[in-house]
Amino acid sequence: MTLFSIAGKNIRKNFTNYFLYFASMIFSIVIYFTFVSLKYDSTIQSASDGSPKISSAFSGAAVVLIIFVAIFIWYSNSFFTRKRKKEVGLYSLLGVRKKQIGRMLFYENFLMGVLALIVGIALGSLLSRFFVSILMKVMGYDAISHFSISAAAIVNTFLVFMVITLITSLQGYRLIYRFKLIELFHADQQHEKEPKASLLTALLSLVFVGLGYWLALQNLMNSKAWAALGLMITPLVILITVILGTYLLFNTLTVTLLKLSRKNKKSYWKGLNIIGTSQLLYRIKGNARTLTIIAVLSATTLTAVGTAYSLYYSNRNAVSQVNPNSMMFINTDRKAASQADKVIQDSPDHKVLYHASLHLLGVDANTSGLDQNSSSDEQTFTVLSNHDFNELAKLQGKDDSLSLQADEAAALDPVYIEGISPQYVGSAITLSGNPVHEKIKFKELKKYSVLNQGTVYSTIVVSDELFAKLKPKSQMMAIEAYGITHQDKAKQLTKELKGILPEKAEFSSFYGDYARGMESSGLMIFMGGFLGLVFLAATGSIIYFKQLTEANSDKERYQILYKIGVKKREIRKTVAKQVLFIFALPLIAGIAHCAVALSALSRLMQTNLVIPVVVCMGIYTCIYLIYYFITVNAYYKIVTNTK
Amino acid sequence: MKNILQAINVNKTFGTRGNIYTALQHINLQIQEGEFVGIMGPSGAGKSTLLNIFSTIDTPTSGEITIDGQNIVTMSEEKLSDFRRNKLGFIFQDYNLLDTLTVKENILLPLALSKVPPAEIEARVNEIADTFGIRQILDKYPYHISGGQKQRAAASRAIVANPSLILADEPTGALDSKSATSLLESLSKLNDSNQSTIMMVTHDAYAASYCKRVIFINDGQLFKELHKQHLTRKEFFQQILEVLASLGGGQHDAV
């Protein structure tokens, strides 16, 4: 029997153990392959109007994936080797040379790597077409039918994973040289000591996490802490305190709490609680590092995917904030404008909801009256009359109106951010364009606009009286604004209008921004989603392996319990409880971290992110739960297998 | 006196057709309340199989076994767990203490499983710890105490729930002679004062000499039975050695 055939046999015999690892690896390869295919595929490049964004985005994502997968494989490998210490020890005792054992482990790992690679590429070739159609859908493109698998992608994937497999396999080969024979043989007999935990460190963990959260939830602009630490340092401080806090939390707080729960004899001395609690107590400390990594990884994944999904989800909202009219342009050329009007009116796919023609003024102003951080006191404003504002607001279905008198004005700022944007209400500015000289007072602030931001400057509304006074003295713009049905599908119409209208018309459309938003956030959600799934699969299988190793060393304990009359049903229950503890801790920490990060983000973005974030967390938790059930089942099978 | 254990015509075979190995053959056995019975025999005689069957963790191929009035052969898996918990106490050669629990927690485990109130648990544990002289080490962990102490802790766990029958599997197998003597004396005392019923499997004639009755098994069949009656322990020990010598497998133990 050659070493190679022993290696093959080992894989076959241990396949149930390796299955999850194998599956995670295949999954990573499939995703990597898809990303690389997208990078090389020319049809997508042309579909995205030749923007180089996609290709570079996928290159970046592929690099992140490689790094992560390399770490995952390396970790799992050292883990498997450690798990088989005793077997290796036996080989060693029987006189097999370390070199040969190392080579056997190398073969095993290498075989698995190659197998995963072949299956991964095959599956990838089948599935990438499907993934691409998902991408096209989320980016708002029509599905393309002629996506083909490129040989370059196959070669790239093959080479990259071959290198990773080789390196990690060498790692397995080297690992054997680090153990002493006695260590290998008595691996299982090392007694675990009861962990110590100081109350002080436990409290410290809470302080750290609390501090991180507090900092993250501060208002960026007027927080003293942020000002003191600086905008660059503070996020780093948050990151460090939260990660350190999480680690200490898992390392000591859980131990302290479990020890405290032991004091309550009524519940501790009841049924199998005594077993579950003490078992956890012994194990949690050794798991703290893994749990921290998983918590941080979960938080990162959730935050990234949550952000991407939020952007995607709120795209329509954000776009209609800056484009309240489906189409808007400056009537610079009478002929072009009437031609454009005809095109819009005649469009077979869209009905015109309204068409408004109005006049705007462009006025320079001295803004020193606004407590603004901007460097210049001079700014050009677009001025709208009170009457036109009310009319447009009504056409756009906004249940709002203004009634301004004399020198009163209202500011329209759809991207208003508390603390960053100027404090309008109550302050005064001077319209100072030559020959205008009028002082106006802001009476109201509307956090929306009725004009498309792509066409105009910052907009203020003035009383009809003042407007009439300004009109002859200022630069005037004739504006055409349209509202149409199915504005998010106006690809053709937008293209036509762009061709008709001159550059100076400053044409802006809902569709243009909407499509751009869908493209970039769709891309982000696609990459974030799949990267997230890979992370999830990998972290899930890491917990799975760790738990199974523990199950193997707990086997004897459960057999004792079974002999002294514990029912299998009860064993299952206590196993489920213990594993739940290990699974739930990082998930809860991850979700909490993510919730804090996203609520800070949502404040910055001025949008309500609850729905997209909850959807992300829900999906994440569901997949995580599947891993949990698989783990409980496997654990139970190991500890109740009487052979 | 009440019959605690009754085995009628118990057989156990391993393997499939054509390759059958008979481990136990026509075993008929009765153990009465308050007895201290030793089971002896050479390696491979079927001692462990018999003990496993009585422990309800293995089933006989045929035959009937009643323990404390209940037929354990026909019992369901679930009921067997309850039965083991309530009626049987186990002492194993390698102690089988849980190393994540203190000695005290190990001892109270069966009571906790039966959901006995904490106050009662405390009282029972202290009482038993005194019987076995391990009061001082109650809060220590198994890896901090000696083998003899471990086995006494295990014995405490076996009897803490007042089982009908205590099954001991080579309890002195891993102990030095001093610890072994101390454990056997404790078991003997327990048997005398509490009327506890004990069945002990051993291949050590010295350990067996503490029993009131010793049953010899050879090749899966009952071979001979010795009663201590009025004999001193030393005389009984000599008798046991003689039987072992006739069995052929025992010389080793008779050094």
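Each chain gets a letter, A, B and so on, in the order the sequences are listed, and its residues count up from 1. Excluded from the calculations below are hydrogen atoms, water molecules and symmetry mates; all remaining heavy atoms, backbone and side chain alike, are included.
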For residues L190(B) and F36(B), determine if any side-chain heavy atom of one lies less than 4.5 Å from a side-chain heavy atom of the other. no
Neighbours of chain A found in residues 73-88 of chain B - heavy atoms under 4.5 Å: E77(B), E78(B), S81(B), D82(B), R84(B), R85(B)
With R152(B) as the cation and F132(B) as the aromatic partner, state whether NZ or CZ is under 6.0 Å from the six-membered ring centre and within 45° of the axis. no
On a heavy-atom basis, which atom in P163(B) and which in A158(B) lie closest, and how many Å separate them? CG-O, 3.2 Å
Non-hydrogen atoms of chain B under 4.5 Å away: do they reach the side chain of L281(A), the backbone, both or neither? neither
Contacting region of L97(B) [heavy-atom separation from chain A under 4.5 Å]: backbone
Comparing K265(A), K563(A), E556(A), Q279(A) against chain B, the one with the most heavy-atom pairs below 4.5 Å turns out to be K563(A)
Report the C-alpha distance between L561(A) and I275(A) in whole Å, list the side-chain angles of each, state the deciding distance to 0.1 Å, and finish with yes or no for side chain to side chain contact (heavy atoms under 4.5 Å, CB included). CA-CA 9 Å; L561(A) 287 175; I275(A) 300 293; 3.8 Å; yes
Ring centre gap for F583(A) and Y624(A) strictly below 6.0 Å: yes
Would you mind checking which part of E570(A) comes under 4.5 Å of any heavy atom in chain B, side chain (CB onward), backbone (N, CA, C, O), both or neither? side chain
Can you confirm if the NZ or CZ of K263(A) lies within 45° of the ring axis of Y268(A) and under 6.0 Å from the centre of its six-membered ring? no
D554(A)/R283(A) salt bridge by N-O under 4.0 Å criterion: yes
Measure the acute angle between the ring planes of F90(B) and F92(B), then classify it against the limits of 30° and 60° as parallel, tilted or perpendicular. parallel
Option that, when pairs with chain A are counted at under 4.5 Å, heavy atom only, ranks first among L108(B), I121(B), L98(B): L108(B)
